[in-house]
Amino acid sequence: MKITVIGTGYVGLVTGTCLAELGNDVLCMDVDKKKIENLKKGIIPIYEPDLETLAQKNISAKKLKFTTNGEEAIEFGEVVFSAVGTPENKDHRADLKYVKLVAETFGKYANAYKVYVNKSTVPVKTGEICEKIIRKEFLKRKIKFDFDLVSNPEFLREGRAIKDTFNPDRIVIGTKSSHAKEIMGTLYKPLTDKGIELISTDIKTAEIIKYASNAMLATKISFINEIANFCEKAGGNIKVIAKTLGLDKRIGPHFLHAGIGYGGSCLPKDVKALIQTGKDLKYNFKLLKAVDEINKTQKEIIFHKLKKELKTLKNKHIAIWGLSFKPKTDDMREAPSITIIQKLHQEKAKIFAYDPEATNQAKKILKNIPVTYGKTPIEIAKNADALLLLTEWEEFSSIDFQKLKSVMKNPLILDGRNFLKKNILKNFGIKHIGIGI
Ligand code: NAD
């Protein structure tokens with residue numbers, strides 16, 4: 001099929017690349033000129049395992065192309081995906097300005113029947129808003145042909161986005177048109193042929209599924225963090241508790257790792273946006289308000305533990321391992337490291353940081369805070385009064401801990417992800433403080 005993808009962020013670029021790999025002709029469009037110039041040359045703007053290889057392969061094969069021209073992009077595809085950002089507004093609602101702009105561009109330039117697919121995470125009833133915008137443009141142009149609207153929310157996880165796109169747990173297609181459903185069914189046939197379930201529903205249900213899914217994940221994290229905080233008062237080991245809970249098939253093992261809270265571009269904003277949509281519809285999401293509140297305080301827990309250990313942080317050398325909101329991505333959006341670094345800076349600590357992939361993103365986001373970025377985890381720990389592990393990158397488990405102990409001024413690790421083994425570190429003479437263990 002001929003496919004257009006509008007927006008070449010984490011979702012759009014991965015979707016475009018994977019659809020090209022499945023044999024479609026894909027044209028990706030973005031308003032970011034620099035990004036598109038680079039993408040045309042095969043330069044990928046984000047770190048995502050396997051994305052570069054797969055994108056370059058399909059660019060060379062001319063299955064994957066890029067443009068900044070909205071008219072060309074809309075005319076190209078039989079199916080047009082909108083995968084633009086829906087960031088958090090000042091009032092915590094999802095900002096729909098990019099989504100609305102894409103609908104308007106579609107309405108202005110569609111030159112034949114097409115399926116308009118919304119892949120971005122959008123509040124319930126956004127489909128109706130987009131449909132109105134498109135119809136208004138069609139009316140202005142006195143268009144005779146029609147279009148169909150589909151909600152096809154995205155569930156990929158950064159760090160394993162390619163794997164998730166080829167092997168999703170499910171595909172959701174929300175539409176009132178049986179023709180559009182058929183076209184989407186054909187597009188996703190290579191995946192449904194492998195046994196992946198396609199849930200066919202109405203647009204509103206599809207829109208709510210995405211928020212419900214992220215709200216559930218956030219709830220699991222805040223839940224286990226509450227139990228971890230309780231363990232600190234009561235005694236008990238959260239790792240053993242979480243593992244045991246996870247063995248119960250009704251609960252499952254995922255998203256039950258206690259730590260410094262959830263971050264990233266999705267869970268924080270989506271939980272808050274759902275609460276606001278509830279408010280707009282006169283529904284009070286009591287549970288989700290607590291989930292959000294717990295997460296806010298959880299991000300600061302490691303800072304308070306550090307202060308308790310060192311008393312004052314003024315001029316203390318604090319080393320930080322890991323900046324991205326989770327491993328295998330360079331995404332710094334809403335990363336707990338930002339909150340913690342801001343607090344360390346307020347207390348006049350000297351901050352040294354290392355991340356295998358996110359340093360460039362961190363430099364942009366933390367440009368007003370003096371942070372010394374190192375090239376190795378050991379380098380930044382030299383003379384450190386404490387080390388904070390904030391992202392569980394695999395390489396931190398195989399550090400030469402003897403060397404680490406010898407370079408640190410005070411061998412103390414505050415492990416915000418309960419990633420390192422207390423007993424092993426104890427053998428090296430390093431004090432380990434985790435969360436709820
Ligand atoms: P992103 O910020 O990484 O990318 C958005 C892209 O859209 C940018 O490149 C931007 O330049 C482009 N853009 C903005 N306005 C445009 C316009 N009018 N025309 C063309 N391009 C335009 O966002 P993302 O992380 O890819 O997320 C996109 C959507 O998918 C969001 O709604 C998000 O909540 C949702 N989502 C994200 C993830 C994730 O892990 N990142 C997972 C599932 C769902």
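The structure displayed is predicted, hence computed values, not measured ones. One-based numbering, in listed order, for ligands and for the atoms of each.
The nearest heavy-atom contact from the protein to atom 18 (N) of ligand 1 is L101 CD2, 3.7 Å. Among protein heavy atoms, the minimum distance from atom 22 (C) of ligand 1 is reached at V84 CG1, 3.4 Å. With hydrogens left out, the protein atom closest to atom 17 (C) of ligand 1 is V31 CG1, 3.7 Å, a heavy atom. Remark: minimum distance from atom 34 (O) of ligand 1 to any protein heavy atom is reached at K269 NZ, 2.7 Å. At the top of the distance list for atom 5 (C) of ligand 1, counting protein heavy atoms only, stands G85 N, 3.6 Å. Looking only at protein heavy atoms, the nearest one to atom 20 (C) of ligand 1 is I6 CG2, 3.4 Å. For atom 12 (C) of ligand 1, the nearest non-hydrogen atom of the protein is D30 OD2, 3.3 Å. E154 O, 3.3 Å is the protein heavy atom nearest to atom 43 (C) of ligand 1.
With a 4.0 Å cut-off on non-hydrogen atoms, T86 touches ligand 1 through its backbone as well as its side chain. Counting heavy atoms closer than 4.0 Å to ligand 1, residue C266 contributes side-chain atoms (C-beta onward) but none from N, CA, C or O. When heavy-atom distances to ligand 1 are checked against a 4.0 Å cut-off, K34 has no atom that comes that close, whether in backbone or side chain. Heavy atoms of S265 found under 4.0 angstrom from ligand 1 belong exclusively to the side chain.
Atoms of ligand 1 found under 4.0 Å from any heavy atom of G9, numbered from 1 in the order shown, are 1 (P), 3 (O), 4 (O), 6 (C), 9 (O), 26 (O). Of all atoms in ligand 1, listed by their number and element, those nearer than 4.0 Å to a heavy atom of K210 are 43 (C). Short contacts between ligand 1 and A83, defined as distances under 4.0 Å to a heavy atom of the residue, involve ligand atoms 28 (C). Annotation for ligand 1: atoms under 4.0 Å from non-hydrogen atoms of R333 are 1 (P), 2 (O), 3 (O), 23 (O), 25 (O).
The distance between the ring centers of Y262 and F255 does not fall below 6.0 angstrom. Taking the six-membered ring wherever Trp is involved, the centroid distance between the rings of Y354 and W321 does not fall below 6.0 Å. In this structure, Y116 has its ring center no closer than 6.0 Å to that of F147.
A donor-acceptor pair is defined here as one N or O able to donate and one able to accept, closer than 3.5 Å; such a pair exists between the side chain of T277 and the backbone of A273. With hydrogens and angles ignored, the 3.5 Å screen pairs a side-chain donor or acceptor of E78 with a backbone N or O of K2. Looking only at distances, a side-chain donor or acceptor of N229 sits under 3.5 Å from a matching main-chain atom of N225. Checking side-chain atoms of E207 against main-chain N and O of G127 turns up a donor-acceptor pair under 3.5 Å. Checked by atom type and distance alone, the side chain of S151 never pairs as donor or acceptor with a backbone atom of G174 at under 3.5 Å. A distance-only check finds a donor-acceptor pair linking the side chain of E48 to the backbone of G159 [under 3.5 Å].
For ligand 1, the polar-atom distance check against K35 finds a nitrogen or oxygen pair separated by under 3.5 Å. At least one N or O atom of E158 sits closer than 3.5 Å to an N or O atom of ligand 1. Residue-to-ligand polar distances keep D32 apart from ligand 1: every N/O pair is separated by 3.5 Å or more. Among the atoms of Y98, none of the N or O lies under 3.5 angstrom from an N or O of ligand 1. Annotation: T121 places an N or O atom under 3.5 Å from an N or O atom of ligand 1; distance criterion only. For K119, no nitrogen or oxygen atom sits less than 3.5 Å from a nitrogen or oxygen atom of ligand 1, counting backbone and side chain alike. The N/O atoms of V11, backbone and side chain alike, include one that comes under 3.5 Å of an N/O atom in ligand 1.
In this structure the side chain of D25 never reaches within 4.5 angstrom of the side chain of I3, judged on heavy atoms. Looking at V271 and N214, their side chains never come closer than 4.5 Å, going by heavy atoms from C-beta outward.
With a 6.0 Å cutoff to the six-membered ring centre and a 45° limit on the axis angle, K343 counts as a cation-pi contact of F303. Taking the ring axis of F325 as reference, the NZ or CZ atom of R333 does not stay both within 45° of it and closer than 6.0 Å to the ring centre.
For the residue pair K279 and N284, no side-chain donor N or O sits within less than 3.5 Å of a side-chain acceptor on the partner.
Not a single heavy atom of R157 sits under 4.0 Å from any atom of ligand 1.
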